[in-house]
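Read the structure below first, then the notes.
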2 protein chains.
Amino acid sequence: MRIILIYLFRLIHYSSSMVKNSEKILADHNVSITNPRVFVLEVLLENKGPITLDELQSTLKNKVAKSTLYRVLNDLKKINILDEFTSPENQTVVELSLSENDHHHHVFCTNCGEVEDITLSEVFEKQLSDEITNIHKTSKYLIKEHTLELIGLCSDCD
Amino acid sequence: MRIILIYLFRLIHYSSSMVKNSEKILADHNVSITNPRVFVLEVLLENKGPITLDELQSTLKNKVAKSTLYRVLNDLKKINILDEFTSPENQTVVELSLSENDHHHHVFCTNCGEVEDITLSEVFEKQLSDEITNIHKTSKYLIKEHTLELIGLCSDCD
DNA sequence: CAGTAAATGAGAATAATTCTCATTTATTTA
DNA sequence: TAAATAAATGAGAATTATTCTCATTTACTG
């Protein structure tokens with residue numbers, strides 16, 4: 001019985017798509033697969049969206065050394081699958097950006113500090129890209145990227 | 001002769017509009033007028049636009065203690081006339097926001113690190129505010145503010 | 001499976017920001 | 001206007017965030 005349970009546990013554990021995904025992501029980017037990297041990626045994948053550095057650190061407290069966490073985050077930034085930004089309350093926030101075309105923006109709640117992803121309508125993104133074209137004409141700036149952050153109250157705090 | 005020179009110097013000094021403005025700003029917000037506060041405001045007013053914390057610090061190196069500079073910046077934030085944000089390269093940037101209606105956005109040059117103010121067309125701001133109304137309907141977020149940051153190359157670096 | 005290169009943990013070093021407290025400056029009061 | 005009180009400052013200590021160092025461990029290569 002015990003053997004069976006252990007077997008089942010390992011089966012479930014290793015077939016978890018999280019683990020497979022993490023390792024695949026690293027392999028796909030020619031980054032060696034190590035425990036700290038997999039642990040960090042698992043948390044980022046599970047979380048599905050932006051997460052504060054504080055939360056990431058406390059989640060991984062006893063699994064990954066603090067210096068290693070910073071190193072892993074820098075590794076992920078280097079291969080362009082991690083975005084970092086600062087909340088209006090000056091909290092560092094990170095988020096996986098795995099595919100090229102998952103363009104989106106962020107909403108911050110000024111009361112509870114939550115950050116969420118938000119996708120703007122195609123119509124509006126088109127209007128924004130037109131505006132950026134105009135900016136290029138008038139200001140000579142060549143715009144490559146943009147970030148739009150909305151600040152307000154989430155439904156819980158409203 | 002010496003007396004006259006001193007008089008002229010003081011006349012020029014005190015009639016400088018910068019000084020007057022700085023003192024008026026502080027008085028208008030019920031903040032006591034002190035040398036460090038006036039010095040910081042002068043630099044921010046002269047600069048006319050966003051300035052990195054590093055640049056502000058080096059400009060005021062021998063006039064204002066570092067701890068005082070942080071305190072003064074916090075004072076200005078508290079009375080809502082200073083915005084702080086972080087550049088894509090993780091530099092802290094501050095900017096005076098004296099009037100309610102000078103709403104604008106920022107352009108960052110990824111090459112030289114320059115930050116500039118940019119004002120979007122009224123048409124586009126209207127489109128943005130419509131989009132925010134839609135977000136409220138679908139996501140239940142109540143949006144109070146927004147920041148749009150454009151990232152690219154300035155005319156010198158393009 | 002051994003050998004080499006890369007990654008990690010623990011904590012030291014550095015950088016950024018806030019705090020402490022004795023002194024100075026501004027404001028209030030008589 | 002001077003004395004008394006409150007607030008602000010400078011200098012550096014304390015705290016926090018991030019990077020660096022180096023001995024040890026882990027991953028990749030043949």
Side-chain angles (χ1 to χ4, degrees), chain A residues 14 19-20 22-44 50-79 81-94 113, chain B residues 14 19-20 22-43 51-79 81-94 113:
Chain A
Y14 286 115
V19 172
K20 278 215 201 100
S22 302
E23 301 197 352
K24 185 171 187 327
I25 290 166
L26 293 171
D28 286 350
H29 288 87
N30 281 4
V31 173
S32 61
I33 294 161
T34 64
N35 279 330
R37 285 172 181 163
V38 169
F39 293 154
V40 172
L41 273 176
E42 276 175 41
V43 176
L44 293 174
I51 184 172
T52 64
L53 189 54
D54 283 346
E55 201 177 333
L56 194 57
Q57 278 181 338
S58 66
T59 306
L60 293 165
K61 199 159 35 215
N62 301 312
K63 290 179 108 176
V64 179
K66 204 196 294 185
S67 53
T68 303
L69 177 56
Y70 278 104
R71 269 187 293 232
V72 169
L73 293 178
N74 283 332
D75 295 339
L76 300 181
K77 280 186 226 164
K78 216 167 288 168
I79 60 175
I81 64 167
L82 189 80
D83 279 350
E84 180 182 313
F85 51 94
T86 306
S87 79
E89 290 87 20
N90 277 343
Q91 281 242 39
T92 298
V93 181
V94 295
Chain B
Y14 286 114
V19 172
K20 278 214 202 101
S22 302
E23 301 196 353
K24 184 169 189 325
I25 290 166
L26 293 171
D28 286 351
H29 289 86
N30 281 5
V31 172
S32 62
I33 294 160
T34 64
N35 279 330
R37 284 173 182 162
V38 169
F39 293 156
V40 172
L41 272 177
E42 277 176 40
V43 176
I51 184 172
T52 64
L53 189 53
D54 283 346
E55 201 176 334
L56 194 57
Q57 277 181 337
S58 65
T59 306
L60 293 165
K61 197 157 37 214
N62 300 312
K63 290 179 109 178
V64 179
K66 205 196 295 186
S67 53
T68 302
L69 176 56
Y70 278 104
R71 268 188 295 231
V72 169
L73 293 177
N74 283 332
D75 294 339
L76 301 181
K77 280 187 227 165
K78 216 167 288 167
I79 61 175
I81 64 166
L82 189 79
D83 278 351
E84 181 182 313
F85 51 94
T86 306
S87 79
E89 290 86 20
N90 277 343
Q91 281 244 37
T92 299
V93 180
V94 296

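Protein atom CD of A/Glu84 is 13 Å distant from nucleotide atom C1' of D/dT19, rounded to whole Å. As rounded to whole Å, 13 Å separates atom C1' of D/dT16 from atom CG of A/Asn90. Rounded to an integer number of Å, the gap from A/Asp75 CG to C/dA6 P is 13 Å. At whole-Å resolution of the value, CZ in A/Arg37 and C1' in C/dG9 are 15 Å apart. Per the geometry, CG belonging to A/Asp54 stands 18 Å off P belonging to D/dT15, to the nearest Å. C/dA16 atom C1' lies 15 Å from atom CG of A/Leu53, rounded to whole Å. If you take CG of A/Leu69 and P of C/dG11, they are 17 Å apart, rounded to a whole angstrom. Rounded to whole Å, the distance from CG on A/Leu26 to P on C/dA7 is 11 Å.
Using a 4.0 Å cut-off on heavy atoms, none of the residues of residues 56-63 of chain A approach DNA chain D.
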Detail all sub-3.5 Å separations between protein N/O atoms and N/O atoms belonging to nucleotides 18-29 of chain C.
unit_1: C/dT20; atom_1: O4; unit_2: B/Arg71; atom_2: NH1; d: 3.3

Checklist entry - side-chain contact (heavy atoms from CB on, under 4.5 Å) between A/Lys66 and A/Leu69: does it pass, once the steps are laid out? => result CA-CA 5 Å; A/Lys66 204 196 294 185; A/Leu69 177 56; 5.5 Å; no
Next on the checklist: Between A/Leu73 and A/Leu53, does the side-chain contact (heavy atoms from CB on, under 4.5 Å) criterion hold? Intermediate values first, please.
Outcome noted: CA-CA 10 Å; A/Leu73 293 178; A/Leu53 189 54; 3.6 Å; yes
Next on the checklist: Using the rule given for side-chain contact (heavy atoms from CB on, under 4.5 Å), can you reason through A/Val40 versus A/Thr68, listing the C-alpha separation, both sets of side-chain angles and the distance that settles it, and then say yes or no?
Outcome noted: CA-CA 10 Å; A/Val40 172; A/Thr68 303; over 6 Å; no
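When the nucleotides D/dG10, D/dT9, D/dT18 are ranked by their closest atom to the side chain of B/Val72, D/dT9 comes out on top.
Contacts of B/Asn90 classified as side chain to side chain contact (heavy atoms under 4.5 Å, CB included), with partners at least two apart in sequence or in another chain: A/Glu84, B/Thr86. Not counting sequence neighbours, the partners of A/Asn35 by the side chain to side chain contact (heavy atoms under 4.5 Å, CB included) test are A/Phe39. Residues forming a side chain to side chain contact (heavy atoms under 4.5 Å, CB included) with A/Arg37 (at least two apart in sequence, or on another chain): A/Leu26, A/Val31, A/Ser32, A/Thr34, A/Val72, A/Asp75.
In this structure, A/Lys24 NZ and A/Leu41 CG are separated by 13.0 Å, a value rounded to the nearest 0.5 Å. Note: A/Gln57 CD to A/Thr92 OG1 = 9.5 Å, rounded to the nearest 0.5 Å.
Smallest separation of non-hydrogen atoms from A/Asp54 and A/Gln91: OD2-OE1, 3.4 Å. Across all non-hydrogen atoms, the minimal contact from A/Glu23 to A/Val38 is CG-CG2, 4.1 Å.
Each end of the helix from C/dC1-D/dG30 to C/dA30-D/dT1 gets its own axis from five base pairs, and the two axes differ in direction by 40°, given to 10 degrees.
Using a 4.5 Å heavy-atom threshold, the side chains of A/Val94 and A/Leu76 count as separate.
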